[in-house]
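Worksheet for the structure shown next.
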Amino acid sequence: MIQPVARLAAALSLFAIAAAVQPVRAAEPVDVQLAGQPVQAARASSLMPPVQNIYGRSHQSLDGRWSYIIDPYENGYYDYRHMPFDQSASGKGGFYDDRKPKDKTDWVEYDFDRAPTMKVPGDWNSQAEKLQLYEGTVWLRQVFQADPKPDRHYVLYFGAVNYEAHVYLNGKKLGMHKGGFTPFQFDVTDKLAKGRNVVVVKADNTRHLDEIPTVNTDWWNYGGITRDVMLAELPATYIADYKVQLAKHDAHRIEGYVQMSDAAAAREVTVSIPEAGVTASVRTDAHGRAAISIPVDKLQLWSPEQPKLYTVELSGGGDKLADRIGFRTIETRGQDILLNGKSIFLRGIAMHDENPLIPGRTRSQGDMRMLLQWAKEMNCNYVRLAHYPHSEEMIRLADEMGLLVWAEVPVYWTISWTNPATIANAQAQLTDLIVRDKNRASVIVWSIGNETPVSSPRNAFMGKLAQTAHALDDTRLVAAALEIHRKGDEVTVEDPLADQLDLASFNEYAGWYWASNAEMLNYHFKVKYDKPVVVTEFGADALGGYHADADTRWSEEYQDALYRNQFRMLAGIPGLRGMTPWVLVDFRSPRRQHPYFQDFWNRKGLISDDGKKKQAFWTLKRYYDEVQRKYEGAGAQR
Ligand code: GCU
């Protein structure tokens with residue numbers, strides 16, 4: 001069982017030493033540094049640290065239809081004494097054996113071959129009526145052919161499994177991973193068979209108080225293997241990780257590193273950007289890490305208007321790799337947010353990782369492009385990907401389509417602040433997110449949580465997360481969706497955590513959860529921080545197609561009027577530099593039970609569950625067109 005602490009160390013530490021010519025064997029981990037943080041590596045299974053840009057490596061996709069067995073009593077995992085089969089002396093007995101009856105007298109009470117199948121990637125809730133509300137264990141099996149070569153390294157990669165995954169290959173336990181929205185991978189170099197292989201996953205989306213997220217969320221608890229699965233083939237020595245981005249606040253120098261999979265020192269590593277005439281060769285240190293610092297002057301900077309991506313080529317130790325990377329700087333100066341040195345307004349919208357037309361977790365680039373295209377149609381230059389890490393593909397699409405990103409970990413509402421395992425879990429998810437997306441130009445904000453109530457244990461918990469984010473990446477902003485407090489008609493944002501954050505960002509539901517549409521204009525905001533103000537949520541439920549006067553809740557007119565009033569109310573905040581109204585499109589929620597207006601949908605979308613734009617969609621677009629004109633006008637004068 002991998003504890004979050006070990007997983008954090010594994011995520012931060014990088015790679016086994018590979019014997020040069022011998023079949024690659026997992027060996028002693030290497031102590032490395034990340035952002036100057038010395039780290040002790042610990043590993044209790046073949047769970048291995050992330051491989052940067054896994055999609056850029058040679059790989060075999062294991063996506064497709066997987067057989068599944070629903071197991072509410074975890075009968076395939078525990079014996080009748082509730083002892084885990086995989087911890088028994090033989091390690092056998094569970095469904096992961098994929099056992100077939102030896103003959104007609106033999107007794108086996110499960111059969112993946114005759115079991116139904118479901119799509120992977122794909123949540124199970126949207127693939128079988130009886131699984132729509134199911135929370136518990138489902139076993140998933142895939143059979144695949146492999147032809148492993150002796151001088152190669154093999155990695156079994158999962159983009160995401162919600163929530164707790166126990167993974168087995170050919171009946172052997174590979175390990176366990178917790179966290180439904182970040183990737184994990186196993187070193188299977190010496191476990192892969194020539195020919196037929198069987199991978200079995202026990203996925204369990206049961207909610208628990210001490211987990212991240214905890215038991216209470218306003219989104220559907222989609223279970224299963226929700227993102228890609230692949231078998232990657234890597235050279236015996238390979239480029240394990242790298243960061244190639246502009247230095248902090250410096251558009252004329254690329255700063256970062258390349259980490260090899262072994263700790264060989266003085267190994268030559270090359271980073272080049274042919275289109276920009278940039279190339280640099282450096283040597284690895286005693287940890288197999290090569291720091292890079294390259295002066296650049298002809299780079300076209302990435303921006304939403306011009307999302308320029310360069311092909312960056314990396315080579316070292318016989319390994320070659322390319323990535324599509326954009327270069328931009330992001331910083332705050334007083335109440336301004338500066339992108340490439342120019343003040344911007346974040347014209348945003350919040351969204352979940354859900355395709356309402358399925359409804360279910362997004363499964364393909366098509367789903368993701370549809371969501372981001374809707375945001376572009378509203379003239380957004382920014383999206384808040386709530387409340388958990390969305391897929392790597394989604395972030396790469398934002399890079400390509402020119403949308404700035406607020407990325408977040410599901411530290412949502414009231415968490416078990418004092419439980420060490422809970423903080424380690426949160427830290428691990430945050431680290432996995434930053435490690436995965438640190439080369440993405442679109443990502444400008446790491447968010448450490450949403451609407452977490454002020455208290456000393458919470459402040460300590462969130463303070464640690466803020467430190468981790470700043471320590472892991474000093475080139476991006478760190479923030480959280482804070483809560484507001486009301487005194488009479490004054491709305492204040494007062495939170496000790498804000499001192500450790502780069503934005504004064506908060507959710508406010510004037511006109512919906514408090515005050516009516518008419519009353520909300522009586523309120524004014526007092527934000528005492530000399531930081532850019534970004535309103536991370538406001539909104540109202542409206543049933544698509546339901547029309548009435550502007551005072552009738554649930555109507556499109558009410559939602560539309562609320563947006564107009566919000567723009568007027570928020571115009572009173574001098575430091576307002578962005579917003580992400582809640583929410584792009586209606587989404588599923590088990591907390592929304594009004595039989596007529598909701599039916600398990602949160603209706604705050606500007607687009608309905610069947611993809612129709614509500615009135616407020618166009619109202620927000622017009623507002624953003626105006627804001628854009630103002631900023632471009634001002635920019636021209638500056
Ligand atoms: C909250 C929360 C969202 C939720 C929204 C709502 O502030 O952050 O996750 O969906 O409000 O109530 O609609």
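Just so you know, ligand 1 is whichever comes first in the structure, and atom 1 is the first atom listed for that ligand. Just so you know, these numbers use all the heavy atoms, side chains as well, and skip hydrogens, waters and symmetry mates. If you're wondering where the values come from, they're calculated on a predicted model, not measured in any experiment.
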task = Check ligand 1 against E451 and write out every atom of the ligand that is under 4.0 Å from a heavy-atom position of the residue.
result = 1 (C), 2 (C), 7 (O), 8 (O)

key: atom 10 (O) of ligand 1: nearest protein contact (heavy atom, Å)   = D218 OD2, 2.5 Å

message = Just to confirm my output: which protein heavy-atom neighbour is closest to atom 13 (O) of ligand 1, and how far is it?
response = K604 NZ, 2.7 Å

inquiry  = Side chains of T226 and N162: any donor to acceptor distance under 3.5 Å?
reply    = no

query = Using a heavy-atom cut-off of under 4.0 Å, does the side chain or the backbone of N602 touch ligand 1, or both, or neither?
reply = side chain

ask   = For ligand 1, is any non-hydrogen atom under 4.0 Å from R591's backbone (N, CA, C, O), its side chain (CB onward), both, or neither?
value = neither

inquiry  = Can you see whether W512 has R553 sitting over its ring - NZ or CZ less than 6.0 Å from the centre and within 45° of the normal?
reply    = yes

remark   = Numbered in order shown, the ligand 1 atoms found under 4.0 Å of a heavy atom of E537 are 1 (C), 2 (C), 3 (C), 5 (C), 7 (O), 8 (O), 11 (O)

ask   = Going by distance alone, is a donor N or O of one side chain under 3.5 Å from an acceptor N or O of the other, for D353 and Y222?
value = no

remark   = Here the atoms of ligand 1 under 4.0 Å from any heavy atom belonging to Y513 are 6 (C), 12 (O), 13 (O)

request  = Only heavy atoms count here, so choose which of W219, F587, Y412 is nearest to atom 9 (O) of ligand 1.
outcome  = Y412

message = For A510, is there any backbone N or O sitting under 3.5 Å from a side-chain donor or acceptor partner on E519?
response = no

query = Does W413, backbone or side chain, put an N or O under 3.5 Å from an N or O of ligand 1?
reply = no

F600 and its side chain to side chain contact (heavy atoms under 4.5 Å, CB included) partner, picked from R591, R592, R588 = R588

For R592, the ligand 1 atoms whose distance to one of its heavy atoms is below 4.0 Å = 6 (C), 12 (O), 13 (O)

request  = Answer yes or no: is there a donor N or O on one side and an acceptor on the other, between the side chain of H470 and the main chain of Q500, under 3.5 Å?
outcome  = yes

request  = Describe, in one word, how the ring planes of H594 and W554 are oriented to each other, choosing from parallel (under 30°), tilted (30 to 60°) and perpendicular (over 60°).
outcome  = tilted

ask   = Quick one: does ligand 1 sit under 4.0 Å from the side chain of T217, the backbone, both or neither, non-hydrogen atoms only?
value = neither

ask   = Just by distance, do the side chain of K614 and the backbone of G605 share a donor-acceptor pair under 3.5 Å?
value = yes

key: Per-atom contacts of ligand 1 with H387, taking only distances under 4.0 Å to non-hydrogen atoms   = 3 (C), 8 (O), 9 (O)

